[in-house]
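To keep things clear, I will list the structure first and then write my remarks on it.
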Amino acid sequence: MTGTLTAQTGKARTAVVYFSATGTTERMAKDAADAMGADIFEIEPVHKYTSADLNWHDKKSLSSIECNDPKSRPAIANKIDISGYDAVVLCYPIWWAYAPKIVYTFTESQDWKGKKLVTLCTSGGSGLGRSGKDLAKFAKGADFKGGKDFTGKSGSDVKNYVDGLLK
């Protein structure tokens, strides 16, 4: 594995944490975790998003409302503890050029002190944009290493990229 070495194992511990509403980001995150030998955790929303919620053509859809409200922080149904990890690879789709607000909920709920953060996204066309840098602002204490759009790429592509960032 990559990153800071732990005293017990001599290996760094990396977690892949992802949010996926349609399965696209989930596939990328699982492939990446497999290739990296990393533990994987899903950010599960209290309110599961329906196709109507994700209709970006509808200004009244839930995702549109959340994306237009900078203070929106949708609730997370499960607890994810990153305290035992040296690095976190945070994976998410791009919604309206940003990470979904539930990813901000996760980011703000963690203690990032001493941890490396890499952001990866899937996108229908707009790419990572500044979403990684925006999330890093809310990951207080994290060492933000960078991010990239990995739509349609293999787990080994992700592994090579992350390994290069975490050297």
Open item on the list: Could you check whether any side-chain N or O of Thr105 sits under 3.5 Å from a backbone N or O of Ala75, counting only pairs where one atom can act as donor and the other as acceptor?
Closed with: no
> Is a side-chain donor-acceptor pair under 3.5 Å present for Ser123 with Thr151?
Replying inline: no
Practice item. In sequence, state the C-alpha distance, the side-chain angles, and the governing distance for Val89 and Thr14, and then conclude on side chain to side chain contact (heavy atoms under 4.5 Å, CB included). Key: CA-CA 7 Å; Val89 178; Thr14 301; 4.0 Å; yes
Residue set satisfying salt bridge (charged side-chain N to carboxylate O under 4.0 Å, His left out) with Arg130, at least two apart, ordered chain then number -> Asp134
- Task: Verify the ring-centre separation between Phe41 and Tyr18: is it less than 6.0 angstrom?
- Result: no
- Task: Using distance alone, with no hydrogens and no angle criterion, decide if Glu66 and Tyr49 have a side-chain donor and acceptor under 3.5 Å apart.
- Result: yes
Here the pair of heavy atoms bringing Leu128 nearest to Gly147 is CD2-C, 3.2 Å
Output for pair (Ile65 CD1, Asn68 CG), nearest 0.5 Å, gives 8.5 Å
Closest non-hydrogen contact found for Lys101 with Pro70 is NZ-CA, 3.3 Å
Here the gap from Ser156 atom OG to Met36 atom CE, rounded to the nearest 0.5 Å, amounts to 11.5 Å
SG (Cys91) and CD1 (Ile40) are apart, to the nearest 0.5 Å, by 7.0 Å
(request) State, yes or no, whether a side-chain contact exists between Asp163 and Leu165 at a heavy-atom distance under 4.5 Å. (result) no
Ala99 and Val103 have their tightest heavy-atom pair at CB-CB, 4.2 Å
For this session: Tell me, yes or no, whether the heavy-atom count around Lys71 atom NZ, taken from other residues, nucleotides or ligands under 6.0 Å, exceeds 12.
Result: no
Look at atom CH2 of Trp96 and say whether more than 12 heavy atoms of other residues, nucleotides or ligands are closer to it than 6.0 Å.
-> yes
So the ring pair (Phe, Tyr, Trp, His ring centres under 6.0 Å) pairs with at least one residue in residues 104-135 (sequence neighbours excluded) are Tyr104-Phe138
dist Leu120:CG -> Thr25:OG1 (nearest 0.5 Å) comes out at 10.0 Å
Value for CD1 (Ile102) from NE2 (His47), rounded to nearest 0.5 Å, stands at 10.0 Å
Evaluation steps, side chain to side chain contact (heavy atoms under 4.5 Å, CB included), between Tyr92 and Ser131: CA-CA 10 Å; Tyr92 51 88; Ser131 66; 2.7 Å; yes
Okay, side chain of Ser61, backbone of Leu54: is any donor-acceptor separation there less than 3.5 Å?
-> no
Closest heavy-atom pair, Arg13 versus Gly84, reported as atoms and distance to 0.1 Å, is NH1-O, 3.3 Å
| said: When you group the ILVMFWY residues by side-chain heavy-atom contacts below 4.5 Å and let the links chain together, are Val16 and Leu166 in the same group? | reply: yes
NZ (Lys113) and NZ (Lys140) are apart, to the nearest 0.5 Å, by 12.5 Å
Handout entry: Connected via hydrophobic side-chain network under 4.5 Å: Ile80 and Ile76
Key = yes
Nearest heavy-atom approach of Cys121 to Gly127 is SG-C, 4.0 Å
| said: For residues Tyr85 and Val158: do they belong to one hydrophobic cluster (side chain heavy atoms under 4.5 Å, members Ile, Leu, Val, Met, Phe, Trp, Tyr)? | reply: no
Does the side chain of Ile94 come within less than 4.5 Å of Thr122's, by heavy atoms?
-> no
Point to revise | Joint hydrophobic cluster, Ile82 plus Leu90, side-chain heavy atoms closer than 4.5 Å | key: yes
Result for side chain to side chain contact (heavy atoms under 4.5 Å, CB included) between Thr107 and one of Leu117, Leu135, Val88 points to Leu135
Flag the pair Pro45 / Phe19 as yes when at least one side-chain heavy-atom distance between them is below 4.5 Å, and no otherwise. yes
The side chain to side chain donor-acceptor pair (under 3.5 Å) partners of Thr119 (sequence neighbours excluded) come to none
Between the side chains of Asp86 and Lys116, is the shortest nitrogen-to-carboxylate-oxygen separation below 4.0 Å, so that they form an ion pair?
no
Is there a side-chain contact between Ser20 and Glu42 in this structure, where contact means two heavy atoms from C-beta onward sitting under 4.5 Å apart?
no
Check: Would you call Asp143-Lys145 a salt bridge at under 4.0 Å N-O?
Finding: yes
> Taking the side chain as C-beta and beyond, is there a heavy-atom pair between Lys153 and Met28 under 4.5 Å?
Replying inline: no
For Ser83 and Lys115, the nearest pair of non-hydrogen atoms, with its separation, is O-NZ, 3.3 Å
